[in-house]
Amino acid sequence: MQFNSVVISQLLLTLASVSMGASTAFKEHHQHQRATLEKRAATCKFPTDKNLVAVTPNSKNGGWALSPDQECTAGSYCPYACPPGQLMAQWDPSATSYSYPESERGGIYCNENGEIEVPFSSKDWCYSGKGTLQASNKAGSNVAFCQTVLPGNEAMLIPTNVDGGSTEDLAIPGTEYWASTAAHYYINPPGVSTEDGCVWGSTANPYGNWSPYVAGGNVDDSGNSFVKIGWNPIYLEDATPFKNTKPDFGVKITCSEGQCNGLPCEIDPSKNGVNEVSSSQSSNGAGGANSCVVTGSKGAKVTIEVFSTGGVSKREEVPIQSLLSNKDSSSNHTNSTPVVDPINSGVSLSAASPMVVMTLVALTTFLFC
(Lines give C-alpha, C1' and ligand atoms only; values in the text may rest on other atoms or scores of the structure.)
Protein backbone atom coordinates (compact mmCIF):
# COMPACT_ATOMS: atom_id res chain seq x y z
CA MET A 1 0.00 0.00 0.00
CA GLN A 2 1.34 3.40 -0.95
CA PHE A 3 0.55 6.64 0.86
CA ASN A 4 0.56 10.03 -0.69
CA SER A 5 3.24 12.07 1.09
CA VAL A 6 1.04 15.15 1.07
CA VAL A 7 -1.78 13.24 2.76
CA ILE A 8 0.62 11.88 5.38
CA SER A 9 1.99 15.35 6.08
CA GLN A 10 -1.53 16.74 6.48
CA LEU A 11 -2.46 13.87 8.79
CA LEU A 12 0.62 14.44 10.98
CA LEU A 13 -0.12 18.16 11.15
CA THR A 14 -3.72 17.44 12.13
CA LEU A 15 -2.64 15.02 14.89
CA ALA A 16 -0.11 17.53 16.15
CA SER A 17 -2.78 20.23 16.18
CA VAL A 18 -5.21 17.99 18.08
CA SER A 19 -2.48 17.04 20.55
CA MET A 20 -1.49 20.66 21.09
CA GLY A 21 -5.14 21.63 21.47
CA ALA A 22 -5.72 18.86 23.97
CA SER A 23 -2.60 19.85 25.86
CA THR A 24 -3.65 23.50 25.87
CA ALA A 25 -7.16 22.58 26.98
CA PHE A 26 -5.69 20.34 29.69
CA LYS A 27 -3.46 23.15 30.92
CA GLU A 28 -6.25 25.72 30.75
CA HIS A 29 -8.59 23.38 32.63
CA HIS A 30 -6.10 22.84 35.42
CA GLN A 31 -5.16 26.51 35.51
CA HIS A 32 -8.86 27.35 35.82
CA GLN A 33 -9.29 24.64 38.45
CA ARG A 34 -6.28 25.92 40.37
CA ALA A 35 -7.54 29.51 40.12
CA THR A 36 -10.96 28.38 41.34
CA LEU A 37 -9.41 26.57 44.27
CA GLU A 38 -7.26 29.56 45.06
CA LYS A 39 -10.30 31.81 44.90
CA ARG A 40 -12.23 29.51 47.17
CA ALA A 41 -9.33 29.42 49.57
CA ALA A 42 -9.31 33.22 49.87
CA THR A 43 -11.15 33.65 53.15
CA CYS A 44 -10.39 35.71 56.22
CA LYS A 45 -9.72 33.97 59.50
CA PHE A 46 -11.54 35.09 62.62
CA PRO A 47 -9.08 36.90 64.91
CA THR A 48 -8.50 35.65 68.43
CA ASP A 49 -6.70 38.71 69.77
CA LYS A 50 -9.44 41.36 69.49
CA ASN A 51 -11.56 40.41 72.53
CA LEU A 52 -14.45 39.32 70.32
CA VAL A 53 -17.16 36.75 70.98
CA ALA A 54 -16.90 33.83 68.56
CA VAL A 55 -20.23 32.85 66.96
CA THR A 56 -20.54 29.10 66.21
CA PRO A 57 -16.73 28.83 65.87
CA ASN A 58 -16.83 25.16 64.83
CA SER A 59 -19.01 25.87 61.80
CA LYS A 60 -18.03 27.26 58.40
CA ASN A 61 -18.43 30.85 59.60
CA GLY A 62 -15.53 30.14 61.98
CA GLY A 63 -16.58 32.66 64.62
CA TRP A 64 -17.75 35.56 62.44
CA ALA A 65 -21.29 36.85 63.07
CA LEU A 66 -22.50 35.12 59.94
CA SER A 67 -24.79 32.17 59.37
CA PRO A 68 -23.14 28.88 60.39
CA ASP A 69 -22.87 27.75 56.75
CA GLN A 70 -21.33 31.01 55.51
CA GLU A 71 -17.62 31.80 55.28
CA CYS A 72 -15.96 35.20 55.48
CA THR A 73 -14.99 35.26 51.82
CA ALA A 74 -12.77 37.58 49.81
CA GLY A 75 -14.51 40.72 48.59
CA SER A 76 -17.08 40.84 51.38
CA TYR A 77 -17.71 42.54 54.71
CA CYS A 78 -17.71 40.23 57.72
CA PRO A 79 -19.47 41.32 60.95
CA TYR A 80 -18.52 40.05 64.38
CA ALA A 81 -19.93 39.88 67.90
CA CYS A 82 -18.65 42.07 70.74
CA PRO A 83 -18.83 41.31 74.49
CA PRO A 84 -22.05 42.20 76.36
CA GLY A 85 -22.62 45.94 76.57
CA GLN A 86 -20.36 46.65 73.60
CA LEU A 87 -21.07 47.46 69.96
CA MET A 88 -19.36 46.75 66.66
CA ALA A 89 -17.32 49.80 65.59
CA GLN A 90 -16.55 48.79 61.99
CA TRP A 91 -18.64 48.83 58.81
CA ASP A 92 -18.55 49.97 55.21
CA PRO A 93 -18.04 53.76 55.35
CA SER A 94 -20.03 54.19 52.13
CA ALA A 95 -23.08 52.39 53.56
CA THR A 96 -24.87 55.20 55.36
CA SER A 97 -28.56 54.29 55.20
CA TYR A 98 -30.71 51.41 56.35
CA SER A 99 -31.40 49.91 52.94
CA TYR A 100 -30.47 46.64 51.27
CA PRO A 101 -27.76 45.64 50.42
CA GLU A 102 -25.92 48.44 52.28
CA SER A 103 -27.42 47.22 55.55
CA GLU A 104 -25.42 43.98 55.27
CA ARG A 105 -21.97 45.59 55.06
CA GLY A 106 -21.00 45.43 58.69
CA GLY A 107 -17.66 44.49 60.18
CA ILE A 108 -14.26 44.34 58.55
CA TYR A 109 -13.52 43.99 54.84
CA CYS A 110 -11.96 40.74 53.58
CA ASN A 111 -9.90 41.72 50.54
CA GLU A 112 -9.18 39.65 47.44
CA ASN A 113 -6.06 38.17 49.05
CA GLY A 114 -7.95 36.99 52.10
CA GLU A 115 -6.49 39.76 54.23
CA ILE A 116 -8.46 41.78 56.79
CA GLU A 117 -8.88 45.48 56.14
CA VAL A 118 -10.23 47.62 58.99
CA PRO A 119 -12.46 50.41 57.57
CA PHE A 120 -11.92 52.81 60.49
CA SER A 121 -8.31 52.12 61.36
CA SER A 122 -8.24 54.71 64.15
CA LYS A 123 -11.05 52.91 66.01
CA ASP A 124 -11.08 49.71 68.01
CA TRP A 125 -13.16 46.79 66.80
CA CYS A 126 -15.65 47.24 69.66
CA TYR A 127 -16.71 50.10 71.89
CA SER A 128 -18.93 50.45 74.94
CA GLY A 129 -22.57 51.39 74.43
CA LYS A 130 -24.26 54.14 76.41
CA GLY A 131 -24.54 51.94 79.49
CA THR A 132 -28.17 52.81 80.26
CA LEU A 133 -29.73 49.40 79.56
CA GLN A 134 -29.39 46.11 81.40
CA ALA A 135 -31.11 42.74 81.64
CA SER A 136 -32.11 41.27 84.99
CA ASN A 137 -32.98 37.59 85.36
CA LYS A 138 -35.44 36.75 88.12
CA ALA A 139 -36.70 33.62 86.38
CA GLY A 140 -34.25 31.15 87.94
CA SER A 141 -32.69 29.43 84.93
CA ASN A 142 -30.39 31.31 82.58
CA VAL A 143 -31.91 33.58 79.93
CA ALA A 144 -30.35 34.14 76.51
CA PHE A 145 -30.69 37.62 75.02
CA CYS A 146 -29.76 37.41 71.34
CA GLN A 147 -28.90 40.62 69.51
CA THR A 148 -29.42 40.92 65.79
CA VAL A 149 -26.45 41.63 63.53
CA LEU A 150 -26.92 45.10 62.06
CA PRO A 151 -25.27 46.10 59.85
CA GLY A 152 -25.22 42.47 58.82
CA ASN A 153 -27.73 39.76 57.98
CA GLU A 154 -30.00 40.76 60.91
CA ALA A 155 -30.08 37.24 62.30
CA MET A 156 -30.05 37.04 66.11
CA LEU A 157 -26.49 35.77 66.50
CA ILE A 158 -24.86 38.03 69.14
CA PRO A 159 -25.20 36.35 72.56
CA THR A 160 -25.65 37.74 76.04
CA ASN A 161 -26.28 35.08 78.68
CA VAL A 162 -27.92 36.22 81.92
CA ASP A 163 -27.67 33.67 84.72
CA GLY A 164 -30.47 33.29 87.24
CA GLY A 165 -30.40 36.03 89.86
CA SER A 166 -27.87 38.12 87.95
CA THR A 167 -27.79 41.25 85.81
CA GLU A 168 -25.89 41.92 82.57
CA ASP A 169 -25.39 45.05 80.51
CA LEU A 170 -27.09 45.13 77.14
CA ALA A 171 -25.51 47.12 74.33
CA ILE A 172 -27.52 50.25 73.61
CA PRO A 173 -26.21 52.68 70.99
CA GLY A 174 -26.39 56.43 70.60
CA THR A 175 -26.86 58.28 67.33
CA GLU A 176 -23.20 57.72 66.49
CA TYR A 177 -23.91 54.08 65.68
CA TRP A 178 -24.35 52.92 62.11
CA ALA A 179 -27.14 54.94 60.42
CA SER A 180 -28.32 55.94 63.93
CA THR A 181 -29.89 52.53 64.33
CA ALA A 182 -31.02 50.84 67.54
CA ALA A 183 -29.99 47.57 69.14
CA HIS A 184 -32.47 44.71 68.78
CA TYR A 185 -32.86 41.59 70.93
CA TYR A 186 -34.78 38.32 71.00
CA ILE A 187 -35.56 37.14 74.53
CA ASN A 188 -35.45 33.36 74.85
CA PRO A 189 -37.34 31.28 77.42
CA PRO A 190 -35.45 30.52 80.65
CA GLY A 191 -33.20 27.50 80.34
CA VAL A 192 -32.38 27.95 76.64
CA SER A 193 -28.63 28.36 76.10
CA THR A 194 -27.13 31.01 73.85
CA GLU A 195 -25.85 28.15 71.67
CA ASP A 196 -29.44 27.02 71.04
CA GLY A 197 -31.18 30.38 71.18
CA CYS A 198 -28.82 32.64 69.26
CA VAL A 199 -29.07 30.80 65.94
CA TRP A 200 -31.64 30.71 63.17
CA GLY A 201 -34.13 28.08 64.28
CA SER A 202 -37.43 26.61 63.17
CA THR A 203 -41.02 26.28 64.31
CA ALA A 204 -40.03 23.08 66.12
CA ASN A 205 -39.24 25.18 69.20
CA PRO A 206 -40.43 28.52 70.62
CA TYR A 207 -36.97 30.03 70.86
CA GLY A 208 -34.38 31.66 68.63
CA ASN A 209 -36.16 33.71 65.99
CA TRP A 210 -39.42 32.14 67.24
CA SER A 211 -38.96 33.45 70.78
CA PRO A 212 -42.15 34.99 72.15
CA TYR A 213 -40.65 38.40 73.02
CA VAL A 214 -38.39 40.98 71.39
CA ALA A 215 -36.83 44.16 72.73
CA GLY A 216 -34.81 47.09 71.53
CA GLY A 217 -33.41 50.44 72.46
CA ASN A 218 -31.25 53.45 71.63
CA VAL A 219 -30.21 56.78 73.14
CA ASP A 220 -30.68 60.25 71.68
CA ASP A 221 -28.24 63.13 71.72
CA SER A 222 -29.84 64.52 74.90
CA GLY A 223 -29.16 61.30 76.79
CA ASN A 224 -32.74 60.00 76.79
CA SER A 225 -33.00 56.21 76.52
CA PHE A 226 -35.82 54.65 74.51
CA VAL A 227 -36.47 51.01 75.39
CA LYS A 228 -39.20 48.78 74.05
CA ILE A 229 -40.49 45.27 74.77
CA GLY A 230 -43.10 43.48 72.70
CA TRP A 231 -44.43 40.28 71.27
CA ASN A 232 -42.46 38.77 68.42
CA PRO A 233 -44.57 39.02 65.22
CA ILE A 234 -43.20 35.66 64.02
CA TYR A 235 -44.46 33.98 67.20
CA LEU A 236 -47.97 35.16 66.30
CA GLU A 237 -48.02 34.03 62.66
CA ASP A 238 -50.76 31.64 61.58
CA ALA A 239 -48.18 29.05 60.52
CA THR A 240 -46.57 29.00 63.97
CA PRO A 241 -47.82 25.88 65.80
CA PHE A 242 -47.48 27.44 69.27
CA LYS A 243 -49.04 30.81 68.39
CA ASN A 244 -51.78 30.31 71.01
CA THR A 245 -49.42 29.13 73.75
CA LYS A 246 -48.87 31.40 76.71
CA PRO A 247 -45.17 31.45 77.65
CA ASP A 248 -44.35 30.51 81.24
CA PHE A 249 -42.26 33.63 81.69
CA GLY A 250 -42.80 37.34 81.37
CA VAL A 251 -40.85 40.53 80.80
CA LYS A 252 -41.18 44.05 82.13
CA ILE A 253 -39.28 47.33 82.13
CA THR A 254 -38.17 48.91 85.38
CA CYS A 255 -36.28 52.11 86.00
CA SER A 256 -33.77 53.32 88.59
CA GLU A 257 -31.38 56.21 89.14
CA GLY A 258 -33.63 58.63 87.29
CA GLN A 259 -37.06 59.35 85.86
CA CYS A 260 -38.90 57.16 83.36
CA ASN A 261 -42.03 57.80 81.34
CA GLY A 262 -44.25 54.98 80.08
CA LEU A 263 -44.38 52.74 83.15
CA PRO A 264 -45.86 50.24 83.68
CA CYS A 265 -44.65 48.40 80.58
CA GLU A 266 -45.05 44.67 81.14
CA ILE A 267 -46.00 41.36 79.54
CA ASP A 268 -47.19 38.95 82.22
CA PRO A 269 -48.81 35.75 80.87
CA SER A 270 -50.36 35.09 84.30
CA LYS A 271 -52.45 38.21 83.70
CA ASN A 272 -52.24 38.80 79.96
CA GLY A 273 -53.31 36.66 77.05
CA VAL A 274 -51.15 36.01 74.01
CA ASN A 275 -50.24 39.33 72.36
CA GLU A 276 -51.46 41.39 75.30
CA VAL A 277 -49.39 44.07 77.04
CA SER A 278 -49.95 45.88 80.33
CA SER A 279 -49.30 49.52 79.59
CA SER A 280 -51.14 52.78 79.24
CA GLN A 281 -49.10 53.40 76.11
CA SER A 282 -49.27 50.00 74.41
CA SER A 283 -49.36 49.99 70.64
CA ASN A 284 -49.90 47.62 67.77
CA GLY A 285 -47.25 47.27 65.08
CA ALA A 286 -45.55 44.91 62.65
CA GLY A 287 -47.48 41.69 62.16
CA GLY A 288 -50.15 42.90 64.59
CA ALA A 289 -47.74 42.46 67.51
CA ASN A 290 -48.37 44.56 70.61
CA SER A 291 -45.60 46.36 72.49
CA CYS A 292 -44.86 49.20 74.87
CA VAL A 293 -42.07 51.74 75.14
CA VAL A 294 -40.41 53.48 78.08
CA THR A 295 -38.37 56.68 77.94
CA GLY A 296 -35.62 57.02 80.51
CA SER A 297 -34.39 60.54 81.14
CA LYS A 298 -30.68 61.33 81.10
CA GLY A 299 -28.99 59.45 83.94
CA ALA A 300 -31.72 56.83 84.27
CA LYS A 301 -30.88 53.13 84.29
CA VAL A 302 -33.46 51.10 82.38
CA THR A 303 -33.80 47.38 83.08
CA ILE A 304 -35.54 44.64 81.12
CA GLU A 305 -36.54 42.16 83.81
CA VAL A 306 -37.34 38.53 83.00
CA PHE A 307 -39.48 36.67 85.53
CA SER A 308 -41.20 33.32 85.83
CA THR A 309 -44.96 33.09 85.92
CA GLY A 310 -44.77 29.69 87.63
CA GLY A 311 -45.97 26.27 86.57
CA VAL A 312 -46.06 24.89 83.07
CA SER A 313 -46.90 26.93 80.00
CA LYS A 314 -50.63 27.24 79.61
CA ARG A 315 -51.67 25.95 76.22
CA GLU A 316 -54.75 27.33 74.57
CA GLU A 317 -56.52 25.40 71.85
CA VAL A 318 -53.94 24.31 69.30
CA PRO A 319 -55.16 21.73 66.77
CA ILE A 320 -52.87 18.70 66.85
CA GLN A 321 -52.90 18.68 63.05
CA SER A 322 -51.21 22.09 62.98
CA LEU A 323 -48.42 20.75 65.14
CA LEU A 324 -47.85 17.90 62.72
CA SER A 325 -48.14 19.91 59.52
CA ASN A 326 -46.16 23.04 60.35
CA LYS A 327 -42.52 22.32 59.70
CA ASP A 328 -39.86 24.83 58.88
CA SER A 329 -36.89 23.91 56.70
CA SER A 330 -34.84 27.05 57.24
CA SER A 331 -32.44 25.63 59.82
CA ASN A 332 -29.71 27.86 58.45
CA HIS A 333 -30.14 31.47 57.53
CA THR A 334 -27.78 33.05 55.04
CA ASN A 335 -27.54 36.72 54.28
CA SER A 336 -28.38 36.32 50.59
CA THR A 337 -31.81 37.70 51.45
CA PRO A 338 -32.34 40.45 54.02
CA VAL A 339 -34.31 39.58 57.13
CA VAL A 340 -37.18 41.78 58.23
CA ASP A 341 -36.27 42.43 61.84
CA PRO A 342 -39.38 42.77 64.05
CA ILE A 343 -37.73 45.58 66.01
CA ASN A 344 -36.66 47.54 62.97
CA SER A 345 -39.12 46.81 60.21
CA GLY A 346 -39.16 50.39 58.99
CA VAL A 347 -37.24 53.62 59.02
CA SER A 348 -39.83 55.68 60.85
CA LEU A 349 -41.84 55.09 63.99
CA SER A 350 -45.55 55.68 64.34
CA ALA A 351 -48.51 54.19 66.15
CA ALA A 352 -48.88 51.80 63.22
CA SER A 353 -45.21 50.76 63.38
CA PRO A 354 -44.20 50.78 67.04
CA MET A 355 -41.04 48.70 67.23
CA VAL A 356 -37.87 50.54 68.10
CA VAL A 357 -36.40 52.03 64.96
CA MET A 358 -33.56 54.04 63.83
CA THR A 359 -34.25 57.71 63.89
CA LEU A 360 -34.51 59.89 66.96
CA VAL A 361 -37.10 62.12 65.33
CA ALA A 362 -39.40 59.17 64.75
CA LEU A 363 -38.96 57.89 68.30
CA THR A 364 -39.66 61.32 69.80
CA THR A 365 -42.72 61.79 67.59
CA PHE A 366 -44.15 58.46 68.72
CA LEU A 367 -43.55 59.10 72.40
CA PHE A 368 -44.77 62.64 72.77
CA CYS A 369 -47.39 63.22 70.09
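For the disulfide (SG to SG under 2.5 Å) condition, the pairs that include at least one residue of residues 100-140, sequence neighbours left out, are Cys44-Cys110, Cys82-Cys126. Counting only residues at least two apart or in different chains, side chain to side chain donor-acceptor pair (under 3.5 Å) contacts with residues 130-143 comprise Thr132-Ser225, Gln134-Thr303, Asn142-Asn161. Annotation: disulfide (SG to SG under 2.5 Å) contacts involving residues 197-245, sequence neighbours excluded, comprise Cys146-Cys198. Listed by first then second residue, pairs satisfying ring-ring contact (aromatic ring centres under 6.0 Å, His included) with a partner in residues 42-72 read Phe46-Trp64, not counting sequence neighbours. Within the structure, salt bridge (charged side-chain N to carboxylate O under 4.0 Å, His left out) contacts touching residues 181-192 (residues at least two apart or in different chains) do not occur. Within the structure, salt bridge (charged side-chain N to carboxylate O under 4.0 Å, His left out) contacts touching residues 210-219 (residues at least two apart or in different chains) do not occur. For residues 106-150, the set of pairs meeting the ring-ring contact (aromatic ring centres under 6.0 Å, His included) definition, not counting sequence neighbours, comprises Tyr77-Tyr109, Tyr80-Trp125, Trp91-Phe120. Identified under the salt bridge (charged side-chain N to carboxylate O under 4.0 Å, His left out) test for residues 276-290, with sequence neighbours left out: none.
With sequence neighbours left out, the salt bridge (charged side-chain N to carboxylate O under 4.0 Å, His left out) criterion links Glu117 to no other residue. Qualifying salt bridge (charged side-chain N to carboxylate O under 4.0 Å, His left out) partners for Glu102, counting only residues two or more places apart in sequence or in other chains: none. Residues meeting the side-chain hydrogen bond (donor to acceptor under 3.5 Å, both in side chains) test with Ser280, sequence neighbours left out: none.
When all heavy atoms of Val55 and Ala81 are compared, the pair lying nearest together is CG2-CB, 3.8 Å. Considering every non-hydrogen atom in both Cys72 and Ser76, the closest pair reads C-OG, 4.4 Å. Smallest separation of non-hydrogen atoms from Pro212 and Pro247: CB-CG, 3.6 Å.
Enclosure of atom CG in Asp196 by more than 12 non-hydrogen atoms of other residues, nucleotides or ligands within 6.0 angstrom is indicated. For Gln259, the CD atom sits in a loose shell: 12 or fewer heavy atoms of surrounding residues, nucleotides or ligands are nearer than 6.0 Å.
Judged purely by atom type and a 3.5 angstrom limit, Thr175 has no side-chain atom pairing as donor or acceptor with the backbone of Asp220. Looking at Tyr98, its side chain never comes within 3.5 Å of a backbone N or O of Ser180 through a donor-acceptor pair.
For the residue pair Asn61 and Thr56, a side-chain donor N or O sits within less than 3.5 Å of a side-chain acceptor on the partner. Using modelled atom types, one finds a donor on one side chain and an acceptor on the other under 3.5 Å when comparing Asn188 with Ser211. A side-chain donor from one of Ser278 and Asn272 sits under 3.5 Å from a side-chain acceptor of the other.
Taken from CD1 in Ile229 to CD1 in Ile187, the straight-line distance is 7.0 Å, to the nearest 0.5 Å. Interatomic distance, Glu176 CD to Leu87 CG, rounded to the nearest 0.5 Å: 7.5 Å.
Here the two rings, on Phe242 and Tyr235, have centers that are under 6.0 Å apart.
In this structure, Val192 belongs to a hydrophobic cluster whose other members, linked by side-chain heavy atoms under 4.5 Å apart, are Tyr207.
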